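Report on one structure; see the data block that follows.
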Amino acid sequence: DVKVTQSSRYLVKRTGEKVFLECVQDMDHENMFWYRQDPGLGLRLIYFSYDVKMKEKGDIPEGYSVSREKKERFSLILESASTNQTSMYLCASQEEGWVYGYTFGSGTRLTVV
Amino acid sequence: QQQVKQSPQSLIVQKGGISIINCAYENTAFDYFPWYQQFPGKGPALLIAIRPDVSEKKEGRFTISFNKSAKQFSLHIMDSQPGDSATYFCAASMEGAQKLVFGQGTRLTINP
């Protein structure tokens, strides 16, 4: 089974801090995604990547950036954390051409105080 | 046009009953419609999916009904069990897009 591992289960950060959320997948998938999950809003796409060093904006990229230096690792960066970025962050990977095949990590619950 | 609207936001069903969650979309280019199930503390996991060339797909107690003309699809859980208590997300995608657009989620509780 594909495993998608998010490095932290819970994080508490202060307003203005630079925050790194890490995601690693072990199945050589081309595509990786970052979503945030908020009650009543579902899953909203922040950024995605189709290949190493490639990135594309999703629906809510403001305040975020990403890095994909290696195929297995996709990092989400909050340049200057704000309280409205308190949320559950979910990473997913997908084999290219297989739209059903999203595999999600368990999520990182980030609280910005 | 990229939205998928899901209802209800929360649902309580008695054990043995039928749980029904509905989704509607606007973009007629969507051609994949999966449902994801999420248990507390876990990421969503693919439950069942349908393409618009069929009106219904059944896997065990889970059935997707699809109405192309109405641009609606729904998840039916027959003989609902307490272990089905979870958050359910519908989603949609289109050929070549690969990324999924998710609904708002439904928190389902099955009372014993």
Side-chain angles (χ1 to χ4, degrees), chain A residues 1-10 21 23-25 29-51 54-61 66 74 87-109, chain B residues 1-11 21-25 27 29-52 54 57 59 64 75 86-109:
Chain A
D1 281 353
V2 176
K3 280 192 178 172
V4 177
T5 304
Q6 294 185 233
S7 56
S8 302
R9 189 77 183 92
Y10 299 96
L21 303 183
C23 175
V24 177
Q25 51 97 0
H29 282 177
E30 288 81 6
N31 304 331
M32 297 187 75
F33 306 82
W34 276 106
Y35 284 84
R36 64 177 282 177
Q37 179 178 359
D38 299 288
L41 297 178
L43 305 178
R44 294 179 292 166
L45 181 63
I46 305 171
Y47 267 98
F48 58 105
S49 169
Y50 289 148
D51 202 349
M54 282 190 58
K55 60 184 179 183
E56 290 197 31
K57 293 181 180 179
D59 300 318
I60 52 165
V66 290
F74 192 34
S87 186
M88 170 69 82
Y89 290 89
L90 289 163
C91 175
S93 76
Q94 179 196 49
E95 186 174 356
E96 186 172 7
W98 186 234
V99 70
Y100 293 162
Y102 265 43
T103 301
F104 282 92
S106 294
T108 295
R109 183 163 294 281
Chain B
Q1 267 229 329
Q2 290 295 318
Q3 283 187 335
V4 176
K5 295 185 179 179
Q6 183 173 346
S7 63
Q9 191 167 348
S10 63
L11 180 63
I21 304 170
N22 300 300
C23 285
Y25 64 97
N27 190 342
F30 285 147
D31 60 2
Y32 290 111
F33 301 91
W35 285 87
Y36 280 77
Q37 180 188 54
Q38 183 183 31
F39 292 108
K42 301 289 186 182
L46 178 64
L47 181 64
I48 187 172
I50 197 169
R51 299 190 71 162
V54 296
K57 183 174 181 179
E59 290 185 4
I64 301 178
L75 177 69
T87 300
Y88 292 81
F89 294 97
C90 62
S93 183
M94 66 185 83
E95 183 72 29
Q98 295 186 312
K99 60 179 180 176
L100 289 169
V101 178
F102 285 88
Q104 292 81 3
T106 297
R107 189 169 186 170
L108 174 65
T109 302

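Within every chain, numbering begins at 1; the chains are lettered A, B, ... in the order of the sequence lines, protein sequences first and strands thereafter. Given the structure is predicted, the values throughout are model-derived calculations rather than measurements.
- Of all heavy-atom pairs between A/L90 and B/P44, the closest is CD1-CD, 3.8 Å.
- A pairwise comparison of heavy atoms in A/Q37 and B/F89 identifies NE2-CZ, 3.3 Å as the closest pair.
- Using a 4.5 Å cut-off between heavy atoms, B/Q6 does not touch chain A at all.
- When heavy atoms are compared at a cutoff of 4.5 Å, A/R9 approaches chain B solely by way of its side chain, counted from C-beta outward.
- Put simply, the side chain of B/Y36 does not reach to within 4.5 Å of the side chain of A/L43, judged on heavy atoms.
- Taking a 6.0 Å sphere around CD of B/Q9, one finds it holds 12 or fewer heavy atoms contributed by other residues, nucleotides or ligands.
- Residue with the most contacts toward chain B among A/C91, A/A92, A/G58, A/G40: A/G40 (heavy-atom pairs, distance under 4.5 Å).
- Within 6.0 Å of CZ in A/R44 there are more than 12 heavy atoms belonging to other residues, nucleotides or ligands.
- Considering OH of A/Y102 and NZ of B/K99, their distance stands at 8.5 Å, rounded to 0.5 Å.
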Q: Might you work through the side chain to side chain contact (heavy atoms under 4.5 Å, CB included) test for A/Q94 and B/L100, ending with a clear yes or no?
A: CA-CA 11 Å; A/Q94 179 196 49; B/L100 289 169; 5.9 Å; no
